[in-house]
Chemist: 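Can you keep this structure in mind? I'll have questions shortly.
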Amino acid sequence: MVLGTYKEVVAARSTDKQIQKLAQDGGIVSGLFCYALDEKLIDGAVVAGPSDVMWKPEPMVAMSSDEILAAAGTKYTFSPNVWMLKKAVRQYGLEKLGTVAIPCQSMGIRKMQSYPFGVRHLADKIALMLGIFCMENFPYESLRTFISEKAGVDFDLVEKMDIGKGKFWIQTADQMLTIPLKETHGYEQNGCKVCLDYVCELADVSTGSVGTPDGWSTVFVRTDAGETIFKQAVEAGVIETKSMDDVKPGLGLLEKLATDKKTKAMKVIDERKAMGLPVPYKGSGEKEDPLANV
Ligand SMILES: Cc1cc2nc3c(=O)[nH]c(=O)nc-3n(C[C@H](O)[C@H](O)[C@H](O)COP(=O)(O)OP(=O)(O)OC[C@H]3O[C@@H](n4cnc5c(N)ncnc54)[C@H](O)[C@@H]3O)c2cc1C
Ligand code: SF4
């Protein structure tokens, strides 16, 4: 259960050439949101949109495929998407809301739905939560600093960033630079050290790059709502799939990374508990099954 509860896991990618070009990996998030908008399964989605500052995302309510695509791609810093949900309902008047969430944001959203104090009008409007995997995240200034200092590249020239194969990848118009992840570790957000969720276990559908080849995504279909939309999108030819058994490196690598993340975080949680410090989860190495779901 180290990867959470799910109905199905597959390798998948969007069949739309424009989405393939703009997306971070297989374009599952953008592809599913565009499809859900077209089919009126949602009437808008909160995504991490662009801002005036390069690579600093700003949550936005996307109500068309063009707006979904303007927000495609991973920004390795915080985008307070949960904060935007209220605005999406109150100011944009959305009734069926989609949202993309990293694991900590998915926990906040599920908690809000389970204990809707003051947010009852909002909790029941979240129709589709697409989750993305997350090993760690960086404060904006940290990201800017290590990219310009360690890779020696002007931040404004960066066209894409990625984490994979033990490295932080930085793509500019004419070169690809890398920084070993052991050199970026000191820059990550402190709160990430007690985070127990790698594969967004609480989302309707969760996706990430690890486990599948470049240009493809690993996709966990987790809830009934997630299954309905994913199946429809596959049947409509918007998403193509392959069995995880037919791709490399496959599920084994994800299991290893999720286990490593949970084990490391539980050690920090137990250390903090021993010092009498508050920790945000009940999760701990002392649990009966420490690797069970978040
Ligand atoms: C901080 C961070 C760390 C990650 N770490 C891993 C990892 O360790 N392993 C792994 O396999 N995958 C990781 N991912 C996920 C991966 O980078 C892709 O986001 C995911 O595979 C979806 O790709 P896609 O082609 O389906 O999405 P796209 O179609 O490109 O859409 C991406 C969506 O994510 C939204 N988004 C972008 N940045 C953020 C953000 N900072 N916060 C919230 N939403 C955002 C965009 O608005 C867009 O809607 C991480 C993502 C983030 C944001
Ligand atoms: S590692 Fe966890 S706490 Fe940190 S940004 Fe990712 S999901 Fe949130």
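Whatever order the structure lists ligands and atoms in, that order sets their numbers, starting from 1.
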Chemist: Looking only at protein heavy atoms, which one is nearest to atom 33 (C) of ligand 1, and how far off is it?
Modeler: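 In this structure, atom 33 (C) of ligand 1 has Val29 CG1, 3.7 Å as its nearest protein heavy atom.
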Chemist: Step through the shown structure and confirm whether more than 12 heavy atoms of other residues, nucleotides or ligands are within 6.0 Å of NZ on Lys125.
Modeler: yes
Chemist: In terms of residue, atom name and distance, what is the protein heavy atom nearest to atom 44 (N) of ligand 1?
Modeler: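 Going by distance alone, atom 44 (N) of ligand 1 is nearest to Asn81 ND2, 3.6 Å.
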Chemist: What's the shortest distance from atom 39 (C) of ligand 1 to any protein heavy atom, and which residue and atom give it?
Modeler: Ala48 CB, 3.7 Å
Chemist: Determine, considering heavy atoms only, which of Gln189, Arg13, Met135, Lys75 sits nearest to atom 38 (N) of ligand 1.
Modeler: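 Among Gln189, Arg13, Met135, Lys75, the closest heavy atom to atom 38 (N) of ligand 1 comes from Lys75.
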Chemist: Does the N or O separation between Asn137 and ligand 1 drop below 3.5 Å for any pair?
Modeler: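 No, no N or O pair falls under 3.5 Å.
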Chemist: Could I get the full list of salt bridge (charged side-chain N to carboxylate O under 4.0 Å, His left out) partners for Glu141, not counting sequence neighbours?
Modeler: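 Counting only residues at least two positions away or on another chain, Glu141 forms a salt bridge (charged side-chain N to carboxylate O under 4.0 Å, His left out) with Arg144.
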Chemist: Counting from 1, what ligand 2 atoms have a heavy atom of Asn137 closer than 4.0 Å?
Modeler: 5 (S)
Chemist: Looking only at protein heavy atoms, which one is nearest to atom 32 (C) of ligand 1, and how far off is it?
Modeler: Gly73 N, 3.9 Å
Chemist: Check this for me, if you would: do Lys261 and Asp197 make a salt bridge, where the nitrogen-to-carboxylate-oxygen distance has to be below 4.0 angstrom?
Modeler: no
Chemist: Taking N or O atoms only and a 3.5 Å limit, does Gly49 qualify as a polar contact for ligand 1?
Modeler: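 N/O-N/O distance below 3.5 Å does not exist for this pair.
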Chemist: Report yes or no: does Cys192 have an N/O/S atom closer than 2.8 Å to atom 8 (Fe) of ligand 2?
Modeler: no
Chemist: I'd like to check which ligand 2 atoms, numbered from 1 as shown, lie under 4.0 Å from a non-hydrogen atom of Glu136.
Modeler: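 Once the distances to Glu136 are compared, the set is 1 (S).
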Chemist: Among all protein non-hydrogen atoms, which one is nearest to atom 19 (O) of ligand 1, and what is the separation to 0.1 Å?
Modeler: Thr74 OG1, 3.0 Å
Chemist: Could you list which atoms of ligand 2 come closer than 4.0 Å to a heavy atom of Gln189?
Modeler: 4 (Fe), 5 (S)
Chemist: Answer yes or no for Cys134: is there an N/O/S atom below the 2.8 Å cut-off from atom 6 (Fe) of ligand 2?
Modeler: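 Checking Cys134: at least one N, O or S atom is under 2.8 Å.
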Chemist: Which ligand 2 atoms, with their elements, are less than 4.0 angstrom from a heavy-atom of Ile102?
Modeler: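 Those of ligand 2 that fall under 4.0 Å from Ile102 are 5 (S).
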Chemist: Check this for me, if you would: do Asp204 and Arg110 make a salt bridge, where the nitrogen-to-carboxylate-oxygen distance has to be below 4.0 angstrom?
Modeler: yes
Chemist: Could you list the atoms of ligand 2 found under 4.0 angstrom from a heavy atom of Lys261?
Modeler: 1 (S), 2 (Fe)
Chemist: Salt bridge check, Glu188 against Lys182: does any charged N sit closer than 4.0 Å to a carboxylate O?
Modeler: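 No, Lys182 and Glu188 are not salt-bridged.
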Chemist: Decide, yes or no, whether a salt bridge links Lys256 with Asp260 under the criterion of side-chain N to carboxylate O below 4.0 Å.
Modeler: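 Asp260 and Lys256: salt-bridged.
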Chemist: Give the residue and atom name of whichever protein heavy atom lies nearest to atom 14 (N) of ligand 1, and the separation in Å to one decimal.
Modeler: Phe133 O, 2.9 Å
Chemist: Any idea which protein heavy atom is nearest atom 35 (C) of ligand 1, and the distance to it?
Modeler: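 The closest one turns out to be Val100 CG1, 3.9 Å.
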Chemist: Which residue holds the protein heavy atom closest to atom 26 (O) of ligand 1, what is that atom called, and what is the gap in Å?
Modeler: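 Answer for atom 26 (O) of ligand 1: Ile28 N, 2.8 Å.
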Chemist: Quick one: list whatever passes salt bridge (charged side-chain N to carboxylate O under 4.0 Å, His left out) with Lys150, sequence neighbours left out.
Modeler: Glu183
Chemist: Provide the number and element of each atom of ligand 2 under 4.0 Å from a heavy atom of Met135.
Modeler: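 Matching atoms, with element in brackets: 1 (S).
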